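Below: one structure, written as structure tokens.
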Amino acid sequence: MGSLPRTVQDLASKGEEIPEKFIHKDGDGGAPNAPIMDVPVVDIALLGSSTEELDKLRSALNTWGCFQAINHGMSPEFLNQVRGITKEFFHLPFEEKQLYLREENDIEGYGNDMVLWEQQKLDWTDRLYLAIYPEDQRKLRFWPEKPEAFRSTLHEYSLKLKSIGVVVLKAMARSLSLEENCFVDQYGERSKLHARFNFYPKCPRPDLVLGTKPHADGTGITLLLQDESVEGLQFMKADKWYRAPIIPEALLINVGDQAEISSNGMFKSPVHRVVTNAERERISLAVFYVPDPENDIEPFEELINESRPRLYRKVKNYVDIYFQYYQKGRRPMEAAKIEV
Ligand SMILES: O=C(O)CCC(=O)C(=O)O
Ligand SMILES: [Fe+2]
């Protein structure tokens, strides 16, 4: 392949020895037998009317930092169509996919894990990363024209996710007895929606190799469509790993660092990772809902009081800070946390 980057898919298909930079020496690659999470299932259609559902949402985001969203207005068939375009894209021949290759130092487009710091372990995954909103930031040259339904399906999916995101952010506010637009207003009209299609090829050594390293998302919130039948995602709670269950018709929605900051820690941005699988490949589609980088993100005044001091500093363009810290191998939230 000359100087073209080596995708994990290509590596995996050749059955060669796994390169050193994918190997986690501390051994805790797999933990396939981690216990399953008892993560709450929240009915999105009830969030406007049921205090019980709002309480469930608040408690889920305060403990696990995530919940399974059902009744979100998208049919199981449509979700399978979204999974379908994802699988079809990654199964195109490399000659087709390379049209959308990302630049070496840019995140947008198709390619392997980005190397951000020297000793970084590589994730056993290939990705397609696309900016979706604001619409004037779309770079259509990275939007696949094959499979044929790709662009229109992604467009339709994004419209739905944007409105689900707003419903969830409003419900999050009400669940904390705040004015319902406080998150939406803080994030601004030019808040972003970015999509990351993840493809995890089969891996011969799930005990040593991770699909995605442990991380928390730098978002406001993340809306994840999981593979309909292959598990892999795990969340950490009290220093232990738990397997995320699959509900094929649900979206798994998690808090990102920025919603943890605005909520003054009432909502938790959970550390999560993806394990690899020797028998089956896996896909997922993460959609990141991110505040306008021009906007200040800081804890809502109403959530600061004598018994609950302010826990985070004001941040701006947190995604930039996120990558700077990540490069040094540090948890980005350190930049915002106030020691009390
Ligand atoms: O593949 C998954 O289930 C999760 C991926 C993820 O955590 C991410 O893209 O940020
Ligand atoms: Fe993530």
Side-chain angles (χ1 to χ4, degrees), residues 8-9 29-32 34 36-37 39 61 64-69 79 82-83 86-87 89-90 102 107-114 116 121-132 161 165 192-203 206 209-237 241-248 250-260 267-277 280-290 318-319 322-323 325-326 331-333:
V8 172
Q9 192 174 16
I36 198 108
M37 298 164 74
V39 55
L61 298 185
W64 288 107
C66 65
F67 66 98
Q68 303 266 18
L79 294 183
V82 176
R83 293 181 178 108
T86 308
K87 292 177 193 175
F89 172 75
F90 285 105
R102 64 172 177 80
I107 194 170
E108 187 142 10
Y110 164 67
N112 53 0
D113 192 15
M114 250 177 111
L116 294 167
K121 293 291 174 197
L122 288 183
D123 291 341
W124 192 262
T125 185
D126 296 328
R127 306 184 174 111
L128 172 67
Y129 190 100
L130 300 172
I132 298 176
L161 283 214
K192 300 180 179 196
L193 228 58
H194 285 188
R196 179 152 97 171
F197 297 80
N198 300 302
F199 177 75
Y200 305 93
K202 287 189 249 180
C203 175
V209 177
L210 285 172
T212 307
K213 285 178 286 301
H215 68 282
D217 294 342
T219 55
I221 56 173
T222 302
L223 304 103
L224 180 77
L225 181 65
Q226 289 203 81
D227 195 287
E228 76 279 20
S229 62
V230 184
E231 277 186 15
L233 177 61
Q234 301 188 341
F235 283 85
M236 184 175 260
K237 196 169 86 166
W241 290 110
Y242 294 85
R243 282 150 51 220
I246 295 176
I247 302 178
L251 292 173
L252 200 158
I253 300 183
N254 69 269
V255 173
D257 289 352
Q258 301 199 57
E260 178 172 324
F267 298 144
K268 301 279 185 303
S269 170
V271 173
H272 53 286
R273 68 178 186 181
V274 178
V275 300
T276 48
N277 186 315
R280 302 184 66 186
E281 60 189 36
R282 176 176 184 271
I283 55 108
S284 69
L285 170 53
V287 171
F288 303 126
Y289 195 132
V290 182
Y318 181 78
V319 174
Y322 184 91
F323 282 112
Y325 269 67
Y326 194 81
R331 175 99 206 259
M333 271 300 252

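Please read all numbers here as calculations on a predicted model, not as lab measurements. Atoms within a ligand are numbered from 1 in the order they appear, just like the ligands themselves. Starting from 1, each residue takes its place in the sequence as its number.
Note: S284 OG to F197 CZ = 10.0 Å, rounded to the nearest 0.5 Å. A distance of 9.5 Å separates CG in L285 from CG in L251, rounded to the nearest 0.5 Å. A distance of 9.0 Å separates CD1 of I253 from CG of L61, quoted to the nearest 0.5 Å.
Here the options are F288, Y129, Y289, the test is ring pair (Phe, Tyr, Trp, His ring centres under 6.0 Å), and the partner is H194; only Y129 passes.
Closest approach of C66 to V39, counting heavy atoms only: O-CG2, 3.4 Å.
Near ligand 1, residues R196, N198, Y200, H215, D217, L224, L233, H272, V274, R282, S284, A286, F288 come within 4.0 angstrom through at least one heavy atom.
With hydrogens and angles ignored, the 3.5 Å screen pairs a side-chain donor or acceptor of R102 with a backbone N or O of N112.
Any protein N/O/S atom under 2.8 Å from the Fe ion (ligand 2) was counted, giving 3 altogether.
Not counting sequence neighbours, the partners of T219 by the side chain to side chain donor-acceptor pair (under 3.5 Å) test are T222. In this structure D257 satisfies the salt bridge (Lys or Arg N to Asp or Glu O under 4.0 Å) test together with R331, sequence neighbours excluded.
Under the 4.0 Å criterion applied to side-chain N and carboxylate O atoms, K213 and D113 are assigned as salt-bridge partners.
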